[in-house]
Number of protein chains: 2
Amino acid sequence: MDTADLNLLDALVTHRTRLKKGAALYRVGDPFTALYAIRIGSCKTTILAEDGREQIAGYHMLGDIIGLDGISSDRHGCEAIALEDTEVCALPFDQLEELARTVTSLQHNLHKFLSREIGVEQHVMLLLGSMRAEERLAVFLLNLSDRYRLRGYSATELVLRMTREEIGSYLGLKLETVSRLLSRLQEEGLLQVQGRTVKLLDLAALRQLAGRHC
Amino acid sequence: MDTADLNLLDALVTHRTRLKKGAALYRVGDPFTALYAIRIGSCKTTILAEDGREQIAGYHMLGDIIGLDGISSDRHGCEAIALEDTEVCALPFDQLEELARTVTSLQHNLHKFLSREIGVEQHVMLLLGSMRAEERLAVFLLNLSDRYRLRGYSATELVLRMTREEIGSYLGLKLETVSRLLSRLQEEGLLQVQGRTVKLLDLAALRQLAGRHC
DNA sequence: CGACTTATTGACAATAGTCAACACTCGTGG
DNA sequence: CCACGAGTGTTGACTATTGTCAATAAGTCG
């Protein structure tokens with residue numbers, strides 16, 4: 001988005017919310033009133049199945065906007081939980097729609113935004129449906145690396161904000177599988193693991209593993 | 001959508017397109033200009049990976065609107081192929097946006113529409129990431145059943161428009177697995193398979209298998 | 001410091017994939 | 001209208017990948 005649009009959005013922000021680690025920004029079924037832009041920290045969004053199973057649908061950090069899935073039914077369809085102390089600002093959606101009626105560029109950006117979310121999820125569907133465990137993990141790490149880089153952090157020294165179980169949930173794998181794969185990739189010299197710190201040592205090899213998805 | 005909005009949309013439709021079975025409505029990278037509403041027949045949309053792998057992202061039939069993922073980059077991110085002789089009508093997207101600026105209800109419906117697509121894809125992510133083969137197939141069949149029913153067709157006698165391989169591609173399974181599962185469910189008396197005709201005999205048991213996802 | 005959560009690793013099991021043979025279907029052209 | 005052939009579907013035997021269970025180690029937080 002260009003700066004003019006961003007300024008308009010800023011005007012919509014009436015209040016910011018602080019979330020302690022583990023706190024929920026919204027839960028399934030909560031009334032949908034606003035989108036949320038992450039200012040500090042990071043969140044996971046979780047999809048819940050009727051039978052209690054749950055799966056992490058995405059990780060979100062500085063600048064990401066979450067809550068898009070709530071528009072369709074006026075209720076949130078997943079829940080957002082802070083992975084660390086986090087601050088978000090609310091963009092009331094009715095005001096956003098009103099603004100979009102007069103500011104064409106904002107309207108189009110909103111549509112692009114929603115559409116991009118669809119594209120991202122299709123990418124995850126491809127990952128879950130046709131890639132093997134090792135490829136999934138490589139894609140995950142490279143994707144994180146990219147997003148860190150874009151935000152000015154190191155692209156090779158990642159500090160994960162989530163547990164092995166959460167990574168597994170996102171990738172459709174069990175936590176033991178994630179742990180084993182990290183150990184194996186370390187043995188092979190592609191990366192170095194130290195708890196939640198992962199140093200990517202051979203980006204080219206990881207990209208090859210990922211099947212050039214990144 | 002209410003009838004007033006639908007009439008407005010109708011006014012946008014300048015031409016209809018007929019597709020022979022197997023023909024592409026659009027391919028990856030094609031310029032995005034319009035959404036398409038299916039009038040007759042059905043389509044699959046396919047995501048392509050850089051390394052040639054492909055996966056079916058969705059099946060679409062009468063009344064469905066496809067092409068939403070193209071908005072974000074002005075190019076289509078997946079390809080749409082007719083599964084049978086099919087007719088679609090094009091909704092030029094710039095005109096749709098223009099209309100949405102003045103007709104509030106249409107604007108909101110467009111947003112809901114985009115958001116619903118996000119929700120549907122999250123549902124597929126859950127399916128691919130945390131359900132076993134048998135559950136996935138049950139969800140798939142029940143989902144088809146629902147959509148047929150909503151369109152006035154039989155909810156229990158399904159005529160599949162796709163091959164076992166295509167079903168497998170959508171569900172993240174191999175065609176042999178799909179074939180075996182259908183045979184097994186038939187043995188267990190939950191359904192009856194005859195080529196591409198599937199009769200659902202025990203919806204309750206299928207729902208149980210699906211983990212109450214449907 | 002100590003309780004609890006998170007992570008690693010091994011042994012084994014289960015699920016789904018691979019390869020291969022064969023049967024069935026459907027549309028086409030003789 | 002029938003026969004042929006390509007594409008599609010089924011099934012079996014075997015393999016590979018990932019999951020399960022369990023024991024232990026390492027971190028983390030009050």
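Convention: sequence-line order gives letters A, B, ...; per-chain numbering from 1.
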Checklist entry - If we fit an axis to the first five pairs and another to the last five of the helix from dC1(C)-dG30(D) to dG30(C)-dC1(D), what angle do they make, to the nearest 10°? => result 50°
Next on the checklist: Between Glu135(A) and Arg53(B), does the salt bridge (charged side-chain N to carboxylate O under 4.0 Å, His left out) criterion hold? Intermediate values first, please.
Outcome noted: CA-CA 13 Å; Glu135(A) 306 178 86; Arg53(B) 261 181 299 207; 3.0 Å; yes
Item to check | Under 3.5 Å: donor-acceptor pair, side chain of Tyr148(B), backbone of Val159(B) | outcome: yes
Checklist outcome for this item: Between Leu91(A) and Leu9(A) the two heavy atoms that sit nearest each other are CD2-O, 3.9 Å
Next on the checklist: I need a per-nucleotide contact map over nucleotides 8-18 of chain D, read 5' to 3'. Cutoff is protein heavy atoms under 4.0 Å; write B for the base, S for backbone only, - otherwise.
Outcome noted: SSBBBB---SS
Item to check | Residues Asp64(A), Arg39(A): salt bridge by 4.0 Å N-O rule | outcome: no
Item to check | Length of the NZ-P vector between Lys20(B) and dG27(C), whole Å | outcome: 12 Å
Next on the checklist: I'd like to know if Glu87(A) and Arg18(A) make a salt bridge, using a cut-off of under 4.0 Å between side-chain N and carboxylate O.
Outcome noted: yes
Checklist entry - If you measure from CD1 on Ile40(A) to CG on Asp85(A), what distance do you get to the nearest 0.5 Å? => result 10.0 Å
Next on the checklist: Students often mix this up, so state it plainly: with edges at 30° and 60°, are the rings of His76(A) and Tyr26(A) parallel, tilted or perpendicular?
Outcome noted: parallel
Next on the checklist: Just to verify, which of Lys20(B), Lys21(B), Arg161(B) counts as forming a side-chain hydrogen bond (donor to acceptor under 3.5 Å, both in side chains) with Glu84(B)?
Outcome noted: Arg161(B)
Next on the checklist: Within the 4.0 Å limit for protein heavy atoms, which parts of nucleotides 21-26 of chain C are touched? Write it as a string from 5' to 3', B for base, S for sugar-phosphate only, - for none.
Outcome noted: ----S-
Item to check | Closest approach of Gly172(A) to Leu128(A) (non-hydrogen atoms, all atoms of both residues) | outcome: N-CD2, 3.8 Å
Checklist entry - Is the shortest side-chain N to carboxylate O distance from Glu165(A) to Lys174(A) below 4.0 Å? => result no
